[in-house]
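Below is one structure, written out as structure tokens; the observations come after it.
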Amino acid sequence: MIADDFKTLRSRFPVLGHKTYLNSGSYCALADSVKAAINNYMDDRLLVGANWDVWVMKNEAVRSLMAQVLSAQADEIAVTASASAGINSLASSLDFTQRRNKVVISDFEFPTNAQIWHAQELRGARVVHVPRAADGYIPLENFEKAIDEETQLVAVTHVCFRNGAKLDIPGIVKLAHARGAKVMLDCYQAVGAMTIDVKQLDVDFAVGGLLKYLLGTAGLGFLYARQELISSLTPTQTGWFAQENVAAMDITANRPSSTARRFEAGTPAVVNCYAAEAGLKIILEVGTDIIEERVQYLTRLYMDRLEEIGWPSITPRQDGRHGPMVCIRAKQVAQLFGKLTQQDIVTSFRDDNLRATFHFYNNEQDVDTLIQALLAHRAEYL
Ligand SMILES: Cc1ncc(COP(=O)(O)O)c(C=O)c1O
């Protein structure tokens, strides 16, 4: 793709016309077509009332597009209300009363992917945290020490929401499978900004949501479950939309769908499906390989410029060790964030880290604007 194509794409995200928007890891910029899709839903509500036939198809469209993004089959995708809902449903289908009752997570997890597994302690699970090394990264050997013959599941993030570091997922998967454990990947901080091929990565489950790099809106997530595993897992957290025949309205038994739909629950979040369908279409139109290449170019450029101004990133620089997020450590980071916001530079922060997150619609000017602002604030906050 050439620079002009990115310029045209950029013009489809109005917020970029008046803000330096480096916050897609929190919530994406809104595309014109996503807004139009939400308006279509509102028109449907006003003119048709309850258009269920179309609405159910919107949910199926999200399933099918999400499968394309992940290189999975549509039957391997559950469309959920959030990443948390997907993890909860999966957790409810696991048996922790056997010897293999260990769940291995890491120091890099988003809270929900720790809290839900700790909640399973009431059901017999043992949760083990893989710690970071002195340099702040979590090397494969730390996972090697934690994953053993008693491990049922390794549930890990792809990219850390606190510091932008990317874990060695192929290495972790190989290790886990060799020891008989399954792997659940939380790819929320990566999917849409990088190519995530669940078959190539060989993960057993993957979760994420639609509001960040997938360009949709809050209130929608997904769970990928490997085809061969689905029939052996029966979620106890369920509902009528998880049944084999939703229309049966049977109150005598739980008959879960034979597909990953068994990890769903109640009425689909229809308006969010309209938005998600439009967002996913943009991602597939541009292509995840092209997006990844562009995001890598921008993150490298930002890291190089940070070096130049003497404020190096704490996110690992090596290729393969970071995703779309680059963090710097700052004194009184909330204050720095506030000053940048006043300058129409949208970032976010966690711990002492100022996070800048990049998508294909960002450009060199965005990097430069942030660098110039940091240069001006350096004496006070570095
Ligand atoms: C890596 C990661 N996992 C999980 C979540 C939580 O997702 P949800 O609110 O859809 O449950 C987030 C949200 O920011 C996240 O960044």
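The shown structure was predicted, so the numbers you read here are calculated from the model rather than taken from an experiment. In each ligand, atom 1 is the first atom listed, and ligand 1 is the first ligand listed.
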Heavy-atom pair with the smallest gap, counting every atom of R63 and I77: NH1-O, 2.7 Å

Heavy-atom nearest neighbour in the protein, as seen from atom 5 (C) of ligand 1, with distance rounded to 0.1 Å: F110 CD2, 3.4 Å

Note, M194 side chain near V295 side chain (heavy atom, < 4.5 Å): no

Distance-only side-chain donor-acceptor flag, N51 / D44, under 3.5 Å: yes

V270 vs N59 side-chain heavy atoms within contact, under 4.5 Å: no

Any N113 heavy atom less than 4.0 Å from ligand 1: no

Ligand-side contact atoms (ligand 1) for residue partner S82, heavy atom cut-off under 4.0 Å: 8 (P), 10 (O), 11 (O)

Passing candidate, side-chain hydrogen bond (donor to acceptor under 3.5 Å, both in side chains) with Q296, options E293, R300, R294: R300

Element-labelled atoms of ligand 1 that are located less than 4.0 Å from some non-hydrogen atom of A83: 7 (O), 8 (P), 10 (O), 11 (O)

For Y188, the ligand 1 atoms whose distance to one of its heavy atoms is below 4.0 Å: 1 (C), 2 (C), 3 (N), 4 (C), 5 (C), 7 (O), 10 (O), 12 (C), 15 (C)

For Q189, the ligand 1 atoms whose distance to one of its heavy atoms is below 4.0 Å: 1 (C), 16 (O)

Closest protein heavy atom (residue, atom, distance) for atom 11 (O) of ligand 1: S84 OG, 2.5 Å

Polar atom proximity, D186 to ligand 1 (N or O, under 3.5 Å): yes

Any donor-acceptor N or O pair under 3.5 Å, side chains T369, D366: no

Contact atoms of ligand 1, heavy-atom distance to K212 under 4.0 Å: 13 (C), 14 (O), 16 (O)

No-hydrogen, no-angle side-chain donor-acceptor test under 3.5 Å, H118 and Q115: no

